[in-house]
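Residues take their numbers from the sequence shown, with the count starting at 1. Note that these values count all heavy atoms, side chains included, but never hydrogens, waters or copies made by symmetry.
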Amino acid sequence: MGTGGLVDRRPAEWAASRSGWFATRAVGWLRGLSLVAFTVAAACAAAGFLLDDSTALAIAGFTVSLGFLSADLSNSPRRNISPATLMAAASLLIGLGHMVAMTKENDIDRASYFIYAIDEYIPLALKIAFIASILPILGFRWVVRSEVVGPLIRPLPVVEGRISQRLFIPGLLGAAALGMAMKITGALAYLGTLAAVAQTLPLLAAFVLARVGAVRNWRAAMYAGLIVAIAEATRAIFFAYLRSDMMAPIFAYSAGLVLGARSLRPLKRPEFVPVYVAAVLFVIYFAAFAEVRGRSSTGLERLGSVQAYQENLALDPSRQNVLGRLTTFNQITQLLRVVHEDGFLHGESLEYLGIAFIPRFLWPEKPEIAKGAWFALRIGQARIHNGRITNAVNMTVGGEFYLNFGWMGVIFGTFFFGAIIGVFWSRTRFWQDPYNVLGAGFGYYLLWTGFVGAADLQTLVTLVALYMIFVAFSFVARSVGKSGPSTFWNSRDATGGAPPSHVRKLAKG
């Protein structure tokens, strides 16, 4: 299928438009903020590393992430948002959690932040977190901007493939419904590696529908994306154990609207109201869901249990809150305790990389890869329900590299992790063609990985598997497209012509 797409507006036109990421006059402020943030981060990092000052290290982590985020937002409006931007945003929130936690050391609600942290290891944990917030971003930028790396990765296949205009909405709705049905029935267990794609179908559908809907002001597509997001979030509330599964559909839909419109204007649209409602409810019931998922069954019983626990938790000053959950020093200090007791693992926790790509139908007894569950059990934080560990404690990418190889692992490993994501991102043509459904779907997963998906190195296995599967789909799409129906928009529209008549009608008002 074709690779051409909607042509971006010229920089001069964007500069004159209020629908750009920011007005032109804000670019200077963002660059200035970035410079100030990097300066503060350097000073605080120096003090933190030399004096083992936890507060200085927390401030350094927050400000360096603010610097990266501001720098990205001040760059070209055409390609400034990437997984590296989401990495910086995630590190910013983590840094905020760390800063607030350092002010609570002697407060009554200290336990909301220092959940299972080991005090003596906190400075070292914050040093690891600081380095791990910088190097993945630098690794990503090195790949996507380097004139040396570009020619080396150019032969790698591009993920591309459109869908016919007639089948766009029903096709994506069907894919989302299929993914949800397989999750509810447990059919994913029989798909092996393909399960990595199948379980993300609802998220990819919500994102692509919202993005294309925002690009063309096509309300039917936007509402279809909203329906998928709400349906998948509802399924997760009733059946999923991980809280991130409950918010992932809302994130996918929101990201699709904002990235499709290339502005913050969708935040004021009626279609965004359910997002705000979901976010508020998620914050309110955050701790209750953590308790209930390991102690009750699924379905309607869970809702009653959530409400009961919520009433009890409201009286508990030590309950976990969202900001406390954002911190990573808790699990990293426990990881450092494991290193102190057992020594460095020298790659032992990464052995699954050697078997991850062996299909389960060839090796039915292949061990389950669940390092987060193993770590939760190892540090005494596992929740067990009906003989099953229902939670996972992420080691963080930097933490897992340290667990295996020490500081050399943190420095080279986190840089390499970001570089790998950069390689995959370059294969999506994400900003070149908004109607590239396959590229947008894989691109969304990379964005999600940058924001919350990079919990441990197991993410790399999923990314490699997804890339190979999407490349295979791309090959099929191109083969079918040579003799199949016309793809999503005709050539006139792809060069800036008027949208089809049915889209013009839907966009009115």
Side-chain angles (χ1 to χ4, degrees), residues 81 83 86 159 161-163 165 167-184 188 195-240 242-262 264-267 269-279 281-282 428 430 434-453 462 466 469-470 473 488 506:
I81 304 301
L86 276 296
V159 177
R162 294 185 171 195
I163 188 172
Q165 176 183 320
L167 296 177
F168 182 73
I169 292 179
L172 289 174
L173 287 177
L178 177 63
M180 285 185 274
M182 286 191 291
K183 290 182 181 182
I184 293 173
L188 292 177
V197 173
Q199 66 185 356
T200 60
L201 282 176
L203 307 180
L204 306 186
F207 175 80
V208 174
L209 284 165
R211 187 189 184 199
V212 171
V215 168
R216 302 304 307 187
N217 195 25
W218 188 6
R219 290 191 175 181
M222 286 188 280
Y223 284 127
L226 179 60
I227 290 171
V228 171
I230 292 175
E232 172 62 5
T234 302
R235 182 210 62 81
I237 289 172
F238 282 114
F239 297 103
L242 298 180
R243 286 168 291 182
S244 60
D245 290 345
M246 302 173 191
M247 283 305 295
I250 306 301
F251 174 87
Y253 174 73
S254 305
L257 284 182
V258 173
L259 295 180
R262 295 200 180 192
L264 300 179
R265 292 176 66 182
L267 301 181
R269 297 183 66 109
E271 295 88 350
F272 223 83
V273 172
V275 174
Y276 296 128
V277 174
L281 292 176
F282 184 73
T428 65
F430 189 85
Y435 305 127
N436 175 8
V437 174
L438 290 180
F442 186 50
Y444 161 75
Y445 195 87
L446 294 173
L447 291 168
W448 174 249
T449 298
F451 190 55
V452 297
T462 305
L466 281 173
I469 293 170
F470 271 95
F473 288 165
F488 193 87
L506 289 168

>> Set out, in order, the CA-CA distance, both residues' side-chain angles and the distance that settles side chain to side chain contact (heavy atoms under 4.5 Å, CB included) for Val215 and Tyr435, then state yes or no.
In response: CA-CA 9 Å; Val215 168; Tyr435 305 127; 3.5 Å; yes
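- Under the 3.5 Å distance criterion, the side-chain polar atoms of Asn436 are matched with a main-chain donor or acceptor of Val159.
- Residue Leu178 holds its CG atom at 9.5 Å from CE of Met180, rounded to the nearest 0.5 Å.
- The shortest side-chain heavy-atom distance between Phe430 and Arg211 falls under the 4.5 Å cut-off.
- Atoms OG1 and CD, from Thr200 and Glu232 in turn, are 10.0 Å apart once rounded to the nearest 0.5 Å.
- Between Leu86 and Ile81 there is a side-chain heavy-atom pair separated by less than 4.5 Å.
- Between Met222 and Leu209, every side-chain heavy-atom pair lies at or beyond the 4.5 Å cut-off.
- Between Tyr253 and Phe207, the distance from one ring center to the other does not fall under 6.0 angstrom.
- A pairwise comparison of heavy atoms in Val228 and Pro202 identifies CG1-O, 3.2 Å as the closest pair.
- At least one side-chain heavy atom of Trp218 sits under 4.5 Å from a side-chain heavy atom of Ile169.
- Nearest approach of Ala233 to Pro249, heavy atoms of both residues: N-CG, 3.6 Å.
- Taking the six-membered ring for Trp and thresholds of 30 and 60 degrees, Tyr444 and Trp448 have nearly parallel ring planes, at less than 30 degrees apart.
- With rounding to the nearest 0.5 Å, the separation of CG in Leu466 from CG in Leu204 is 8.0 Å.
- Expressed to the nearest 0.5 Å, how far CG of Leu173 lies from CD1 of Ile227 amounts to 7.0 Å.
- Taking CZ of Phe442 as the reference point, atom CG of Leu447 lies at 11.0 Å (rounded to 0.5 Å).
- The two residues Ala261 and Ala214 have their closest heavy-atom pair at N-CB, 3.6 Å.
- Distance check: Gln199 CD to Lys183 NZ gives 6.0 Å after rounding to the nearest 0.5 Å.
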